[in-house]
Colleague: 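Just passing along the structure, written as structure tokens.
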2 protein chains.
Amino acid sequence: MRPQALDWSVENCTIARAMAILGERWTVVVLRDIFAGIRRFDDMRQRSGIPRQVLANRLAMLVDNGVLRRVPYREPGARPRHEYRLTEKGFDLYPVLAAVAEWGNRHLADPEGPPVSIVHRDCGAEVRPVLRCAAGHDALEPREVATAPGPGARRR
Amino acid sequence: MRPQALDWSVENCTIARAMAILGERWTVVVLRDIFAGIRRFDDMRQRSGIPRQVLANRLAMLVDNGVLRRVPYREPGARPRHEYRLTEKGFDLYPVLAAVAEWGNRHLADPEGPPVSIVHRDCGAEVRPVLRCAAGHDALEPREVATAPGPGARRR
DNA sequence: TTGCTGGGTCTGTCAACGAGACTTAGGCTC
DNA sequence: GAGCCTAAGTCTCGTTGACAGACCCAGCAA
């Protein structure tokens, strides 16, 4: 039995496009730091150990793609500099980060447990991503969902 | 104000570990095809246009990391071959895929719309990942959640 | 025995990564 | 006003990974 998926073209696949941005080795680590409130070049570099050149490239690429924006700031008694902040498009990446963190925590943590967890600010309880359909059905398992051609689908 | 996040070490960061696997250019595209039911080398290659060598490397890496397993099969009148299937660890990646697809669909699709959408098998409604805390609060926005040190956290 | 098919390997080129040194602009100290 | 410090980079160069294209190999079928 031939997989149906083969009938559909993937030339305009949005997963491939997303991964052209997110799929570079350090992109998501940079985003992790930015979501954690780290906005400055040297703080990121120190914390994550990314080579300077690569960090500069990654930040520039993320700015080009509208995920980050550069914001000028000035500490008292210092010259003007700039820092990196998320755009709306960048904020929308949070579920991706959360899903990656959840998977990593479950399958790749050291025996003593994961180093960070995501919690609800109000109640302190742990947060995780769940799948929910528009009709309100909840906590779907991969086997309960299917991929369907969308409006931009092209038959081969 | 110094970001608090700088006080915590990231040497055992599970996001970085996850991205060492997922952060190679084609890994997630391979997983997309496998979740879509494509299990054989040549089908994947044809569909996604990944260079053979890279596809072979990616598959071997995913098998090494316990995300995929090789399963022998035999079509009638053909010699035995093998195909690639998800392990449990692999199935657990579904929320990551779903989150990436959702983001790509929202921000990177062509004007006519995204090529695929994920739907609930039972009711056909569109599925998307939402954040939910263990206390049952739902559909959290990035600003409503925080990262907290987990059991494996190490102070600098 | 020639060819086809699935599932690869071999080779060579070119871009990306990573380490380390160097640069630049403004403010501070003396 | 000479020299130093700091944040945020650039430059250089050797190593790794991506990609294209050719080649290989086992079994089946004509």
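Naming: A, B, ... by sequence-line order, numbering from 1 per chain. In what follows, every heavy atom counts, from backbone to side chain, and hydrogens, waters and symmetry copies are set aside. If you're wondering where the values come from, they're calculated on a predicted model, not measured in any experiment.
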Colleague: What's the closest nucleotide to the B/Trp26 side chain, out of D/dG9, D/dA18, C/dG7?
Modeller: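 The nucleotide sitting nearest to the side chain is D/dA18.
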
Colleague: Which nucleotide wins on minimum distance to the side chain of B/Glu24, given the candidates D/dT6, D/dG17, D/dG9?
Modeller: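 Closest nucleotide among those given: D/dG17.
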
Colleague: Indicate the ring-plane relationship of A/Trp103 and A/His107, choosing parallel, tilted or perpendicular according to the 30° and 60° boundaries.
Modeller: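 A/Trp103 and A/His107: tilted rings.
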
Colleague: Nearest to the A/Ala56 side chain among C/dG18, D/dC19, D/dG9, which nucleotide is it?
Modeller: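 My answer, after comparing the listed nucleotides, is D/dG9.
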
Colleague: Measure distances between side-chain N and O atoms of A/Arg52 and base N and O atoms of D/dG9, and say whether any donor-acceptor pair falls under 3.5 Å.
Modeller: yes

Colleague: Give, for atom CZ of B/Arg70 and atom CG of B/Leu62, the distance between the pair rounded to the nearest 0.5 Å.
Modeller: 12.5 Å

Colleague: Return the nearest nucleotide to the side chain of A/Arg40; candidates are D/dC19, C/dA19, D/dA8.
Modeller: D/dA8

Colleague: Starting the side chain at C-beta, find the nucleotide from D/dC19, D/dA7, C/dG7 nearest to A/Tyr73.
Modeller: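 Within the option list, the nearest is D/dA7.
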
Colleague: Can you identify which nucleotide, out of D/dC19, C/dC17, C/dT5, has its nearest atom closest to the A/Val54 side chain?
Modeller: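 The listed nucleotide nearest to A/Val54's side chain is C/dC17.
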
Colleague: For the side chain of A/Arg70, starting at C-beta, report the closest nucleotide among D/dG9, D/dC19, C/dG7.
Modeller: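 In terms of side-chain proximity for A/Arg70, the closest of D/dG9, D/dC19, C/dG7 is D/dG9.
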
Colleague: Rounded to the nearest 0.5 Å, how far apart are CD1 of B/Ile34 and CZ of B/Arg39?
Modeller: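 With rounding to 0.5 Å, CD1 (B/Ile34) is 9.0 Å from CZ (B/Arg39).
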
Colleague: Choose from C/dG8, C/dA19, D/dA20 the nucleotide whose nearest atom is closest to any side-chain atom of B/Pro51.
Modeller: D/dA20

Colleague: Just how far is it from atom OH of B/Tyr94 to atom CD of A/Glu141, taken to the nearest 0.5 Å?
Modeller: 11.5 Å

Colleague: Can you find a side chain N or O atom of B/Tyr84 that sits less than 4.0 Å from OP1 or OP2 on C/dG6?
Modeller: no

